[in-house]
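Here you go, one structure.
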Amino acid sequence: MFARRIAVVGSGYVGLTTGACLASLGHRVTCADVDPEKVDRLSAGRVSILEPGLSELVAEGLAAGRLEFVLGASKAVLDAEVVFMCVPTPMGVGGAADLVAVESVISEVRDLLPAGCVVVNKSTVPVGTAERMHQLLNRPDIAVVSNPEFLREGSAVHDFLNPDRIVVGSSAQDAAERVAALYARLGAPTVLTDAPSAELVKYAANCFLAMKLSYVNAIAELSERLGANVADVTEGIGYDRRIGQAFLQPGPGWGGSCLPKDTHALIQAADAVDFDFMLLRATIDTNTRQRQRIVTKIREACGGSLDGVRLGLLGLTFKAGTDDLRDSPALAVAELLRDEGAELTAYDPGVAGAVPGVTDTVRVVDDAYEVAKGAAGLVLLTEWPEFRTLDWARVASLLEGRVVVDTRNHLDPDVLRRAGLSWRGVGMQPVD
Ligand code: UDX
């Protein structure tokens with residue numbers, strides 16, 4: 001494999017993971033960011049993102065001289081053979097992806113790009129963006145390739161180095177093959193296609209995952225009403241290889257920085273071409289409804305009213321293994337509980353101290369047992385492993401009430417029952 005000179009623009013979790021992993025594959029990588037403090041921190045090997053294995057890879061790359069951090073894209077691209085765009089594309093007006101960062105980098109580097117270099121889009125961008133970037137570049141010698149990432153927060157390094165597939169799309173086939181060759185050592189199946197198809201793969205994949213989760217949350221509701229057990233139902237359907245066991249865990253709904261943004265962006269893109277994506281609308285509506293359903297379950301478990309009721313919350317992040325609170329289902333549920341007059345105390349291993357937009361909804365403490373003190377009940381909202389090994393007899397002694405609503409079916413109901421507690425799961429029958 002040829003070691004390539006690669007520039008990565010944007011050092012957020014996608015850019016940093018991409019840069020550090022490509023350096024670990026033997027390429028020479030220059031990562032650029034607009035934040036001078038961040039560039040200094042990363043150049044010193046200090047990684048503030050909670051991603052297993054990432055700081056080790058960054059340290060390894062720096063030590064081997066295969067990874068460096070510079071201020072501004074202009075510096076990074078000067079001798080690059082491949083330039084990865086990993087800048088944020090947040091949700092813009094009406095749900096469409098905001099491409100301001102992508103376009104500003106293009107205009108910054110347009111005249112600096114070495115002849116024949118390849119510009120690769122790793123950011124999640126609407127279908128047609130690669131073509132638009134090609135027009136903006138107005139450099140016939142520069143090819144644009146779409147190469148979406150499928151990294152999950154909390155396992156980004158693993159996902160990058162053990163991909164289910166590599167997707168590369170461009171109107172310039174040779175450029176697409178050059179990009180695919182960067183990953184040769186990973187030995188993953190590679191989809192070589194055109195740019196619009198590659199761009200759509202990303203949205204279609206994330207929206208399918210969201211749909212699968214909304215479906216399993218709907219099946220969970222049906223299981224409760226029909227007296228069935230969703231854990232057995234999902235096990236039963238998951239053995240079908242066409243369905244698979246993954247992503248069948250019911251919960252308080254899906255959230256995070258990707259699925260909500262990408263589902264809205266695809267709806268918006270479909271509307272723009274007069275396609276009413278009813279299935280995806282229902283997926284989003286089912287997710288919104290799931291948060292309300294969880295609140296109803298908690299209210300019923302607390303005797304029918306939440307006004308003035310003290311509740312302890314276990315978990316605030318959108319999933320375990322991350323400190324990310326963006327579009328967190330746990331926070332959405334907390335806000336609905338607060339709106340019904342509940343008094344909330346919360347603990348999350350990934351959240352410490354005052355958090356804007358959070359601490360005016362819940363009192364955040366740094367100990368799981370503290371949230372139980374004097375509370376009418378506990379609500380588990382994020383599936384952190386440490387919650388399973390709590391001393392539940394101690395929790396029971398601290399609680400005023402005795403009910404635990406486990407929105408992730410994460411705990412062992414029998415352990416709670418032996419501690420004198422009642423367990424309420426999702427899609428499962430109550431255990432008292
Ligand atoms: C997602 C996609 O998985 C990833 O491929 C893409 O690149 C970025 O978006 P991420 O945002 O890290 O990754 O979250 P993910 O692990 O997919 O979880 C999304 C949401 O679904 C979380 O709120 C999670 O708690 C929830 N979830 C996930 C469930 O409720 N049940 C499950 O079985 C799996």
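Order of appearance sets the numbers: ligands from 1, and atoms from 1 within every ligand. All of these numbers come straight from a predicted model, not from anything done at the bench.
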Open item on the list: Checking the N or O distance criterion of under 3.5 Å, is ligand 1 in contact with G255?
Closed with: yes
Open item on the list: Testing the 3.5 Å rule here: is there a donor-acceptor pair between the side chains of D324 and Y13?
Closed with: no
Task: Any G256 heavy atom less than 4.0 Å to ligand 1 - done: no
Open item on the list: Which of the numbered atoms in ligand 1 are under 4.0 angstrom from any heavy atom belonging to L248?
Closed with: 33 (O)
TODO: List the steps and the verdict of side-chain hydrogen bond (donor to acceptor under 3.5 Å, both in side chains) for Y203 and E199.
DONE: CA-CA 7 Å; Y203 283 109; E199 288 161 340; over 6 Å; no
Open item on the list: For atom 7 (O) of ligand 1, what is the closest protein heavy atom, and at what distance to 0.1 Å?
Closed with: L151 O, 2.8 Å
Task: Side-chain donor-acceptor contact under 3.5 Å, S422 with D432 - done: yes
TODO: Determine whether the side chain, the backbone, both or neither of N206 has a heavy atom under 4.0 Å from any heavy atom of ligand 1.
DONE: side chain
Task: ligand 1 to E383 polar contact by distance, N or O atoms, under 3.5 Å - done: no
- [ ] Return the residue, atom name and 0.1 Å-rounded distance of the protein heavy atom closest to atom 9 (O) of ligand 1.
- [x] C258 CB, 3.1 Å
Task: Numbering as shown, the atoms of ligand 1 that approach E149 to under 4.0 Å (heavy-atom distance) - done: 7 (O)
Open item on the list: Parallel, tilted or perpendicular, judged at 30° and 60°: which one describes the rings of F387 and Y347?
Closed with: perpendicular
Open item on the list: Any nitrogen or oxygen of R408 lying under 3.5 Å from a nitrogen or oxygen in ligand 1? Just yes or no.
Closed with: yes
Task: For atom 5 (O) of ligand 1, closest protein heavy-atom neighbour - done: F150 O, 3.1 Å
Open item on the list: For atom 27 (N) of ligand 1, what's the nearest protein heavy-atom neighbour? Residue, atom name and distance, please.
Closed with: L213 CD1, 3.6 Å
TODO: Return yes or no for this condition: an N or O of K202 is under 3.5 Å from an N or O of ligand 1.
DONE: yes
Open item on the list: Is a donor from one side chain sitting under 3.5 angstrom from an acceptor on the other, for S257 and E153?
Closed with: yes
- [ ] May I ask you to test the L313-V371 pair for a side-chain heavy-atom distance under 4.5 Å?
- [x] no
Open item on the list: With a heavy-atom distance limit of 4.0 Å, tell me whether D262 approaches ligand 1 through its side chain, its backbone, both, or neither.
Closed with: neither
- [ ] Could you tell me whether the side chain of E149 reaches within less than 4.5 Å of the side chain of T18, counting heavy atoms only?
- [x] no
TODO: From the options Q249, Q245, E153, R152, select the one whose nearest heavy atom is closest to atom 30 (O) of ligand 1.
DONE: Q249
- [ ] Going by the side-chain contact (heavy atoms from CB on, under 4.5 Å) test, name the single residue among S48, S11, S43, C31 that passes it with K38.
- [x] S11
Task: Residue L209 vicinity, atoms of ligand 1 by number, heavy atom under 4.0 Å - done: 3 (O)
Open item on the list: To check your reading of the model: name the closest protein heavy atom to atom 17 (O) of ligand 1, its residue, and the distance in Å.
Closed with: F247 CZ, 3.0 Å
TODO: Would you mind telling me if ligand 1 is within reach of the side chain of T322, the backbone, both or neither, using heavy atoms under 4.0 Å?
DONE: neither
Task: Any N or O of K319 closer than 3.5 Å to N or O of ligand 1 - done: yes
Task: R165 to F150, cation-pi by 6.0 Å centre distance and 45° axis angle - done: yes
TODO: Output the distance between atom CG (L182) and atom CG (L25), rounded to the nearest 0.5 Å.
DONE: 9.0 Å
Task: Test side-chain contact (heavy atoms from CB on, under 4.5 Å) applied to L331 and L316, step by step - done: CA-CA 6 Å; L331 278 184; L316 289 173; 3.9 Å; yes
Open item on the list: Do R152 and K319 have side chains that approach each other closer than 4.5 Å (heavy atoms only, starting at C-beta)?
Closed with: yes
Task: Contact check, S257 vs ligand 1, heavy-atom distance below 4.0 Å - done: no
- [ ] Under 4.0 Å, heavy atoms only, figure out whether ligand 1 is touched by the backbone of L259, its side chain, both or neither.
- [x] side chain
